[in-house]
Protein chains: 2
Amino acid sequence: MERSFFHQHLQFSRSFTKKLNEQLAEVGLYHSQWLLIYYLKEFETATLVDISNYLDVEKPTITRTVNRLEERGLIRKVPSKDRRERRIGLTEKGNEVYGEAGKVVKSFEQSLMEGMQETEIVSTIRTIQLLKKKLN
Amino acid sequence: MERSFFHQHLQFSRSFTKKLNEQLAEVGLYHSQWLLIYYLKEFETATLVDISNYLDVEKPTITRTVNRLEERGLIRKVPSKDRRERRIGLTEKGNEVYGEAGKVVKSFEQSLMEGMQETEIVSTIRTIQLLKKKLN
DNA sequence: GGCGTATAGTTACTTAGGTAACTAATTATG
DNA sequence: CATAATTAGTTACCTAAGTAACTATACGCC
């Protein structure tokens, strides 16, 4: 039973990101790029470490994703006193893509949540948070 | 709220596989290799398509993982009438590693499940299965 | 102030997962 | 029976995520 749980969980994660990637392909993004853009929209500017901590993803992964977004002109450098850090923010184009992608993600998630019981979702979130806490 | 749910979910998956990989490193496996070996133990022999369908992972991914396990001598070729297919099974060494890894995985999952409410887990599995079904 | 430590990022290398396009073998069909 | 369609697997190339080891800058402290 325990194994079944984690198995189900891993399969769902893969299917979910796969489908989300398919949806986001319309606006030329991958799901991890979307998460990063979403974060930048909310916090305006950030360092790579900020993003790494927030998304709970290692720094080298963030470096790569940021590089790709910068090459595509969605991200800009923001001056900073601390010369170690690389502070970034969205460009105009980045803001536009945020808007487009936002619609896509919203409708995707709504279609998935449609008809789900509120209490089931809340309970599931609680369980997952608890398990995540136990991992550390 | 919806976004929070998926966000939590993705983070948990990453943390989970990360920790599972750490545990399995003791016996020299990655979590995806473990899933494949587990499947082969249960079904004795299988084609790559069988595995692909069961794990819900694309064929090229299976090809790579199988190649690695074969190079390490954990998997052997099994003769087949259909000359298109590559039928495989565990070697002696593969069986040994299965045993060692099995203990590691079991104790890891038990430590994670310890103290969890049975009803919460059941409810969570149901929710995840439902969401996965809606993805298709 | 200088030196040791901590922090921010990067580089190189690993596995994992995906798509697209391909080969080879089998099955279906006209 | 010959040809078309399907199936099994592979190859090439993409992003994602991880670890280990590294550089460069900033900070703490004696």
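No hydrogens, no waters, no symmetry mates; every other heavy atom, side chains included, goes into these values. All chains are named by letter (A, B, ...) in the order of the sequence lines, taking the proteins before the strands, and each is independently numbered beginning at 1. These figures come from a predicted structure and were not determined experimentally.
Heavy-atom nearest nucleotides on DNA chain D were determined for A:K81 and for A:P60, and the one closer to the 5' end corresponds to A:P60. Residue order along DNA chain D, read from the 5' end via each residue's closest nucleotide, puts A:E58 first among A:R83 and A:E58.
Below 30°, between 30° and 60°, or above 60°: for B:Y38 and B:Y98 the angle between ring planes is between 30° and 60°, a tilted geometry.
Nearest nucleotide to the side chain of B:Q33, out of C:dT11, C:dT19, C:dT15: C:dT15.
If you measure from atom CD1 of B:I62 to atom P of D:dT10, you get 11 Å, rounded to the nearest angstrom. As a whole-Å value, the separation of B:Q23 CD from D:dG18 C1' is 16 Å. Atom pair A:L20:CG and D:dT15:P shows a separation of 17 Å (rounding to whole Å applied). Note: NZ (A:K18) to C1' (C:dT19) measures 10 Å, nearest angstrom. The CZ-C1' distance, from B:R87 to D:dT7, rounds to 14 Å in whole Å. Here D:dT15 presents its P atom at 17 Å from CD of A:E22, a figure rounded to the nearest Å. Atom NE2 of B:H31 is separated from atom P of D:dT19 by 14 Å (rounded to the nearest Å). In this structure, B:L24 atom CG and C:dT15 atom P are separated by 15 Å, rounded to whole Å.
Between atom CD of residue A:E22 and atom CG of residue B:L135 there is a gap of 9.5 Å, rounded to the nearest 0.5 Å. We find the OG-CD1 distance between A:S80 and A:I88 to be 12.0 Å, quoted to the nearest 0.5 Å.
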Margin query: The test is side chain to side chain donor-acceptor pair (under 3.5 Å); show your working for B:E120 and A:T127 and say whether it passes.
Written below: CA-CA 7 Å; B:E120 289 267 310; A:T127 304; 2.9 Å; yes

Check: Taking it one step at a time, do A:K18 and B:E58 satisfy salt bridge (Lys or Arg N to Asp or Glu O under 4.0 Å)?
Finding: CA-CA 11 Å; A:K18 196 170 163 179; B:E58 298 300 323; 2.6 Å; yes

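Side-chain contact of B:R76 with B:T91: a donor-acceptor pair under 3.5 Å is absent, judged by distance alone.
By the side chain to side chain donor-acceptor pair (under 3.5 Å) test, B:T47 pairs with B:D50, sequence neighbours left out.
Ion pairing between A:E70 and A:R86 holds under the 4.0 Å rule for side-chain N and carboxylate O.
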Please list each protein N or O that sits under 3.5 Å from an N or O in nucleotides 6-8 of chain C, with the distance.
residue: C:dT7; atom: O2; partner: A:R84; partner atom: NH1; Å: 3.0

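Partner of A:K106 under the side chain to side chain contact (heavy atoms under 4.5 Å, CB included) criterion, chosen from A:K103, A:E109, A:Q110: A:Q110.
Heavy-atom distances under 4.0 Å link DNA chain D to B:T63, B:R64 of residues 63-80 of chain B, given in residue order.
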